[in-house]
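Below: one structure, written as structure tokens.
When a residue number appears, it is its place in the shown sequence, counting from 1.
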Amino acid sequence: MEKTEEKLDFEELRPNFLPQQAMLEANRCLYCYDAPCRKGCPVNIDIPHFIQSIRSGNLKRSARLINDANPFGSVCGRVCPVERLCEEKCVLSEIGKPVEIGMLQRFAMDYGEYLRQPAAKNGRKVAVIGSGPAGLSCASELARNGYEVTVFESKQVPGGMVAYGVPEYRCPHSVTAAEVEKIVNEGVEIRSATPVNRDVSELFELGYEAVFVGVGLTKTSRFTVPGMELKGVYMGLDFLNRISAGDRPDVGRKTVTIGGGDTALDCARSALRLGAEESTIVYRRSFVELPADKREIEEALEEGVVFRTLAQPMAFYGDDQGVLRAVECANVKLGKPDESGRRSPVIIKGSEFRFAANTVIFATGTQPSGLLRRILVAAEYVDNRFLKVNPETMETSITGVFAGGDVVNKGQTVVQAVAEGKLAARGMLKYLETKAEPVPMEEVVPAEAPDVEEVELEVEEVEETPMKEQKLEHIEDKVEEALEQARETLKKLEEEEKEISEEVVHKVETTEEEAIIEEEVEEPEEETESAEAAPEKAEELEVEELEVEELEAEEPEVKELEVEELEAEEPEVKELEVEELEAEEPEVKELEVEELEAEEPEVKELEVEELEAEEPEVKELEVEKLMEEELVEEELLPEEPEAEEPEEVLEEAVEAVQQDTDELIGKIEADEKTVEEALEEIIESKEEEPSEEEPSGEEPVEKAEEEETQEETSEEEKPGDIGEKGGHHGN
């Protein structure tokens, strides 16, 4: 019956401080200025100030100071190896007993009743794989900075190895659950029984901007020993997980635990609580080299755990039913240091021995499970098992993926896992600050993406809408108006040119006829009167030149005015056409051009004028054809007109009109020159002497005076000479 009572004795061994005890212990602290104890804490808790708060009775402030640095403060106050961390650095340890910092931390967290309020969220998401001390510490730090954190946990209960690998007599599950609940209240979402068994890149596709991996070491390392398949052989982590889950395996009278770390001691001590009469630890190095916590070793010795050091198991033996019955070991001696720096064991031949055992528990170390390789395929590893990270940011070789805890430090303490989780969180914050904020998925992907056929159908419907036809009709009207204005302008220019030509010809013919009539009617004795009338004709010539100059002065103004009117009217039409055509699809523009070309040749000609910057030869041909009132459709069509700026089209149109105006003015000037030459020859013919000397024509008065003294030429010769010259100019 006594054994049965011991089997269920998993209650916490060490009771918490009473308030009076806590006050007395806090008063022992010297409140050092440089605080060496703080330097020994992996998470850098402000130890002097939280102890000072206990001394002053402000437990809430003390709990807040601890929680700011360590969200697992209550758990670490129970399981943290303080005797080789903060308490070892205490100055009182040099003269006696150090301040019990671990117990004071546990007291402040249990009685402080501090709850942190959740921070405002910034809408950015981060994923954490694993809900152990490293993962939840990282999640807590990120949530305090406003990020939405989702923790994926494969087991039913969060907490990692603290919840499954630490026996309740060291840290009750209720304490771990309370710590997890505080982190959830900070705004962290934990999805239990949700393993991540695919590459972490899929988490990025779900909108998570960074990922932390803290899966821990979930697999027990072991070496091959004959008889491991026998019933009664357990792996250390599996054994502790079964106990934490409420299972009570039958360990028999005698148990053997292989290993010397904290896990081995937990297994050996748990075996005693499960009813084992003897619990032996087999360790292949010396007692001094046991890696377990000294306090745990002392408590194990007090409970009756037997240590067989410098021994190594060689084989396991069972009965006919395959049940374990005995363990064979061999003595070893320590040789040269191995890769870990410790002296490697060497088996002593012939030193084998056996002893009875009902249960064997392998607690020879831990390693990551094969799942780690599956979720981090592209990551770099150390010793082909542990993740390689940047020690300053805890980022892996995969951008945006961070890691910490046992999967990196090869299985150290809980407080070390917490420290690495916080360090990784700071590295992730720096990474997220430099990373641009992603666009929400609902803004990138429509709720219902249409099929290709539906999209094409919609395009066809748009092209056939009445609105499209109205736009085309409007453009056609504008083009027709512009074309009509251009025609009227050219018609005016042609009429003016025709009138000027007719007037010049009429003046030439009139002048010639008058000269001939005067020559025929006048008597020889009237030659003097003709000479006297020469100055009057010269004056008439000057009047005619003046009229021509006035016409030259007026016509450019008229033409410039017409050009300005065209510039004022046509650019608006052209700019409107360009804007409307640019607002439409290129295919629609081509459709418009084809329809306009097929329906209205005149519209096509105007479009060619608007694009005359691309085809100057076509533009000149178009102007010439318009002047001749012949429209040739094939020659006016450009091959591939390109859209040009309205200002360039306008400038080129003005240049074309100016060029046509200059040509007309040139023709007028040529006709006027012809008239002047005809008039000069007529005057010269009148003043011509019998000696056939050519009159200058510039001084008609002097020539008339000289003719009075000369002999009169016969009337038969003069009409003939004048007729010849007049006929020449008339042609």
Is the backbone of [Y] close enough, under 3.5 Å, to the side chain of [X] for a donor and an acceptor to pair up by distance?
| X | Y | result |
| --- | --- | --- |
| Arg78 | Ser74 | yes |
| Arg253 | Ala276 | no |
| Gln21 | Leu18 | yes |
| Ser137 | Pro133 | yes |
| Thr263 | Ala363 | no |
| Ser140 | Leu136 | no |
| Ser62 | Phe50 | yes |
| Glu179 | Gly73 | yes |
| Asn70 | Ile66 | no |
| Thr396 | Val389 | no |

Will you find, in the side chains of [X] and [Y], an N or O donor that is under 3.5 Å from an N or O acceptor?
| X | Y | value |
| --- | --- | --- |
| Asn185 | Arg116 | no |
| Ser286 | Glu289 | yes |
| Glu153 | Ser131 | yes |

From CA spacing to verdict: salt bridge (Lys or Arg N to Asp or Glu O under 4.0 Å), Glu186, Arg144: CA-CA 7 Å; Glu186 294 178 357; Arg144 294 176 186 181; 3.3 Å; yes
What closest approach, in Å, do [X] and [Y] show between heavy atoms, and which atom pair accounts for it?
| X | Y | answer |
| --- | --- | --- |
| Asn44 | Ala69 | O-CB, 4.2 Å |
| Tyr164 | Gln156 | OH-N, 3.8 Å |
| Ala119 | Ala143 | CB-O, 3.7 Å |
| Ser192 | Pro158 | OG-CD, 3.9 Å |
| Pro98 | Arg28 | O-NH1, 3.4 Å |
| Leu372 | Arg385 | CD2-O, 3.8 Å |

[X] and [Y] ion-paired at < 4.0 Å:
| X | Y | result |
| --- | --- | --- |
| Asp238 | Lys219 | no |
| Arg269 | Glu296 | yes |
| Glu87 | Arg84 | no |
| Arg191 | Glu189 | yes |
| Arg285 | Asp338 | yes |
| Arg124 | Glu148 | no |
| Glu202 | Arg198 | yes |

Should Arg170 and Glu168 be marked as a salt bridge (Lys or Arg N to Asp or Glu O under 4.0 Å) after you check the CA-CA gap, both sets of side-chain angles, and the distance that decides it? CA-CA 5 Å; Arg170 292 181 60 197; Glu168 282 196 276; over 6 Å; no
Taking the side chain as everything from C-beta on, heavy atoms only, tell me whether [X] gets closer than 4.5 Å to [Y].
| X | Y | answer |
| --- | --- | --- |
| Met394 | Cys138 | no |
| Phe212 | Met428 | yes |
| Val75 | Val175 | yes |
| Leu274 | Phe10 | yes |
| Ile101 | Cys37 | yes |
| Asn358 | Thr255 | no |
| Leu85 | Val415 | yes |
| Val414 | Val162 | yes |

More than 12 heavy atoms of other groups within 6.0 Å of [X] [atom1]:
| X | atom1 | result |
| --- | --- | --- |
| Lys182 | NZ | yes |
| Lys294 | NZ | no |
| Asp250 | CG | no |

Compute both the distance and the angle, then confirm whether [X] meets the cation-pi test with [Y]: under 6.0 Å from the six-membered ring centre, within 45 degrees of the axis.
| X | Y | result |
| --- | --- | --- |
| Arg373 | Tyr381 | yes |
| Lys125 | Tyr208 | yes |
| Arg106 | Tyr111 | no |
| Arg273 | Tyr169 | yes |

side-chain contact (heavy atoms from CB on, under 4.5 Å) assessment of Thr366 paired with Leu237: CA-CA 8 Å; Thr366 54; Leu237 293 178; 3.5 Å; yes
Go through Phe362 and Tyr234 one step at a time and tell me if the ring pair (Phe, Tyr, Trp, His ring centres under 6.0 Å) criterion holds. CA-CA 6 Å; Phe362 270 93; Tyr234 295 92; over 10 Å; no
Stepwise side chain to side chain donor-acceptor pair (under 3.5 Å) test for Asp199 and Ser201: CA-CA 5 Å; Asp199 196 288; Ser201 60; 3.1 Å; yes
Kindly indicate, with the supporting measurements, whether the criterion side-chain contact (heavy atoms from CB on, under 4.5 Å) is fulfilled by Val401 and Leu376. CA-CA 9 Å; Val401 178; Leu376 295 174; 3.8 Å; yes
According to side chain to side chain donor-acceptor pair (under 3.5 Å), does anything in residues 402-418 pair up with another residue at least two apart or in another chain? List the pairs. Asp383-Lys410, Asn409-Glu420, Gln416-Glu420
Any chance you could measure [X], atom [atom1], to [Y], atom [atom2], to the nearest 0.5 Å?
| X | Y | atom1 | atom2 | answer |
| --- | --- | --- | --- | --- |
| Glu395 | Glu392 | CD | CD | 12.0 Å |
| Phe152 | Thr150 | CZ | OG1 | 5.5 Å |
| Arg38 | Cys86 | CZ | SG | 13.0 Å |

Set out, in order, the CA-CA distance, both residues' side-chain angles and the distance that settles side-chain contact (heavy atoms from CB on, under 4.5 Å) for Arg61 and Ile54, then state yes or no. CA-CA 9 Å; Arg61 179 176 182 271; Ile54 294 175; over 6 Å; no
Let me see the working for Val213 and Phe402 under side-chain contact (heavy atoms from CB on, under 4.5 Å), right down to the final yes or no. CA-CA 6 Å; Val213 179; Phe402 299 75; over 6 Å; no
Pairs meeting criterion ring pair (Phe, Tyr, Trp, His ring centres under 6.0 Å) with involvement of residues 56-103, two or more places apart: none
